Amino acid sequence: MKELIIIGAGPAGLAASIYAVRSGLDTLVLEKISPGGQVMLTHAIENYPGFIEPVEGWQLAYNMEQQARRLGVAIESKDVVSVEKYDDMFHVKTTDGAVIEGRAIIAASGASLKRLGVPGESEFTGRGVSYCATCDAAFFKDRVTAVVGGGNTALEEALYLTRFASKVYIIHRRDEFRGQKILQDRVLSNPKIEPIFDTLVTQVHGDEKVYSITLQNKKTGESRELAIQGLFIFIGNTSNTTYLPEQVLNDSGEVKVDMKMQTPISGLFAAGDLRENSLRQVLMAAADGATAAISAYEYITHKDW
């Protein structure tokens, strides 16, 4: 039995674990894959306080993990399938059949990248379709590529792609980007980037690898084929919350929390990208984690067990 179980070892989970162990809580972190979360896929982060120069995502995640481990945080590789509360104790079940008891839980399992859901996307994933420019951009040196999306991530990844690709189209379903103005200015002034607004990708074509995509203009309904060799998709996230009780989720599958990161179930907290109204920024996720850990400490120490 643990006092606190944290599910997820991204920025929210690691920050929570740091605050928890420094508060003296017997803490266990469960991570499905490896510590770091989606920040591992980010090429450069230039808005995290304390770094004068941009820091690579993997480096920031690694620093967070090593700091947590140095303080004594225990991190285990386990995939959680359910969290249930019995009286005053939580039971956390994992895919390997284990059941771990905890007095409080912080759900910090983040979110997963959304897919377009169009013909050819799944078939050519890894053969021209990618969800990580940082991981795959080097494979497209001097090639024509396209990015789907209009938020910060899409703009940042498009800019990164210009280091390798000869041409980068940015395809966005709206008539303007949603990302920060500084990123929009950089994108629109880059000679390698060409935006395509009011447009959807409706199909991915290829043989062994991607060679084109079908585009449809939302306003005119007109379709055309665009020759590319790489398609990078950044259209948002889906909260990883299938293991949580339905009563703590909103209609979009995000976790409902108050200002203390407390969910509708007493003792169950949530932090980071999986919660409702999250801005999905590394700094915000870390702040959520710290808040959740402090709230969990107050819950555990003030309750008459």
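What you see is a predicted model; the values in this text were computed from it and never measured. Start at 1 with the first residue, then count along the sequence.
Contact detail for F177 and P195: the closest heavy-atom pair is CZ-CB, 3.8 Å. Taking both residues in full, the closest heavy atoms of E276 and V257 are given as OE2-N, 3.8 Å, listed atom of the first, atom of the second, then distance. Nearest heavy-atom pair across L4 and A20 is CD2-CB, 3.6 Å. Between G36 and A61 the shortest heavy-atom distance is CA-CB, 3.7 Å. The nearest pair of heavy atoms linking A44 to P54 is CB-CB, 4.1 Å. Listed here is the closest heavy atom pair of N240 and S109: O-OG, 2.8 Å.
Surrounding CZ of R22 are at most 12 heavy atoms belonging to other residues, nucleotides or ligands under 6.0 Å away. Shown here is K303, whose NZ atom has more than 12 heavy atoms of other residues, nucleotides or ligands within 6.0 Å. With a 6.0 Å radius and a threshold of 12 heavy atoms from other residues, nucleotides or ligands, K32 has its NZ atom at or below the threshold. In E246, the CD atom is not crowded: 12 or fewer heavy atoms of neighbouring residues, nucleotides or ligands sit closer than 6.0 Å. Around CZ of F51, the count of heavy atoms belonging to other residues, nucleotides or ligands within 6.0 Å exceeds 12. Within 6.0 Å of CZ in F140 there are more than 12 heavy atoms belonging to other residues, nucleotides or ligands. Within a 6.0 Å sphere centred on CZ of R173, other residues, nucleotides and ligands contribute 12 heavy atoms or fewer.
Under the 3.5 Å distance criterion, the side-chain polar atoms of S278 are left unmatched by any main-chain donor or acceptor of L274. Put simply, the side chain of E156 never gets that close to the backbone of L183: no donor and acceptor are under 3.5 Å apart. Of the possible donor and acceptor atoms, none in the side chain of D87 sits under 3.5 Å from a partner among the backbone N and O of M89. Looking at E121, its side chain never comes within 3.5 Å of a backbone N or O of V129 through a donor-acceptor pair. A donor-acceptor pair is defined here as one N or O able to donate and one able to accept, closer than 3.5 Å; such a pair exists between the side chain of W305 and the backbone of I300. Side chain of D273 to main chain of A111: no donor-acceptor pair is present (N/O by atom type, distance under 3.5 Å, no hydrogens or angles). Judged purely by atom type and a 3.5 angstrom limit, K78 has no side-chain atom pairing as donor or acceptor with the backbone of T94. Remark: the backbone N or O of P264 is not paired with any side-chain donor or acceptor of K256 at under 3.5 angstrom. Between the T263 side chain and the L268 main chain, a donor and an acceptor come within less than 3.5 Å of each other. In this structure, T241 contributes its side chain and G253 its backbone to a donor-acceptor pair below 3.5 Å.
Looking at L113 and N237, their side chains come closer than 4.5 Å, going by heavy atoms from C-beta outward. In this structure, S266 and K85 have side chains that are in contact, with non-hydrogen atoms separated by less than 4.5 Å. Under the 4.5 Å side-chain criterion, counting only non-hydrogen atoms from C-beta, N47 is in contact with Q281. The side-chain heavy atoms of Q203 and E225, taken from C-beta on, include no pair separated by under 4.5 Å. Between Y243 and D79 there is no side-chain heavy-atom pair separated by less than 4.5 Å. I171 has its side chain within reach of I213: a pair of non-hydrogen atoms, C-beta onward, lies under 4.5 Å apart. Side chains of F124 and K209 form no contact here, defined as non-hydrogen atoms less than 4.5 Å apart. A heavy-atom distance below 4.5 Å is found between the side chains of I100 and L30.
We find the NZ-OG1 distance between K167 and T162 to be 12.0 Å, quoted to the nearest 0.5 Å. Going from atom CG of L226 over to atom CG of L215 covers 5.0 Å, rounded to the nearest 0.5 Å. Here CD of Q229 is found 10.0 Å from OG of S212. Values are rounded to the nearest 0.5 Å. Atoms CD and CZ, on Q216 and R224 in that order, are 12.0 Å from each other to the nearest 0.5 Å. Note that NZ of K114 and OG1 of T238 are 5.0 Å apart. Values are rounded to the nearest 0.5 Å. The CG atom of D142 lies 11.0 Å from the CZ atom of F164; values are rounded to the nearest 0.5 Å.
A single hydrophobic cluster is not seen to contain both I5 and V21; linkage of ILVMFWY side chains at heavy-atom distances under 4.5 Å, directly or through other members, places them apart. Note: the hydrophobic cluster containing V55 does not contain Y160 (ILVMFWY, side chain heavy atoms under 4.5 Å, direct or indirect links). There is a path of hydrophobic side-chain contacts, each under 4.5 Å, that joins L188 to I193. L60 and L71 fall within the same hydrophobic cluster, defined by Ile, Leu, Val, Met, Phe, Trp and Tyr side-chain heavy atoms under 4.5 Å apart, directly or through other members. Criterion: ILVMFWY side-chain heavy atoms under 4.5 Å apart, direct or through other members. Under it, F90 and L249 are part of a common hydrophobic cluster.
Below 30°, between 30° and 60°, or above 60°: for F269 and Y299 the angle between ring planes is above 60°, a perpendicular geometry. Using a 30° and 60° split on the angle between ring planes, F232 and F234 fall in the parallel class, below 30°.
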Given the rule in the side-chain contact (heavy atoms from CB on, under 4.5 Å) test, do I228 and V144 qualify, once you have shown the distances and angles that lead to the verdict? CA-CA 5 Å; I228 62 168; V144 178; 4.1 Å; yes

Run Q184 and E176 through side-chain contact (heavy atoms from CB on, under 4.5 Å) and show every step you take. CA-CA 9 Å; Q184 293 190 41; E176 61 181 3; 5.5 Å; no

Go through it in stages, so that I can follow the logic: the residues are K2 and E76, the test is salt bridge (charged side-chain N to carboxylate O under 4.0 Å, His left out), and I'd like the CA-CA distance, side-chain angles, deciding distance and then a yes or no. CA-CA 13 Å; K2 295 291 181 178; E76 293 188 9; over 6 Å; no

Kindly indicate, with the supporting measurements, whether the criterion side-chain contact (heavy atoms from CB on, under 4.5 Å) is fulfilled by K260 and E298. CA-CA 11 Å; K260 291 186 174 183; E298 292 175 349; 4.0 Å; yes

For a side-chain contact (heavy atoms from CB on, under 4.5 Å) check, start with the C-alpha distance between T153 and R280, then their side-chain angles and the critical distance, and finish with the verdict. CA-CA 10 Å; T153 301; R280 293 194 163 96; over 6 Å; no

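Screening I75, I106, V73 for a side chain to side chain contact (heavy atoms under 4.5 Å, CB included) involving S17 leaves a single residue, V73.
A search for side chain to side chain contact (heavy atoms under 4.5 Å, CB included) contacts involving S252 returns N250, E254, not counting sequence neighbours.
Counted by atom type alone, N63 and Q59 present one or more donor-acceptor pairs between their side chains at under 3.5 Å.
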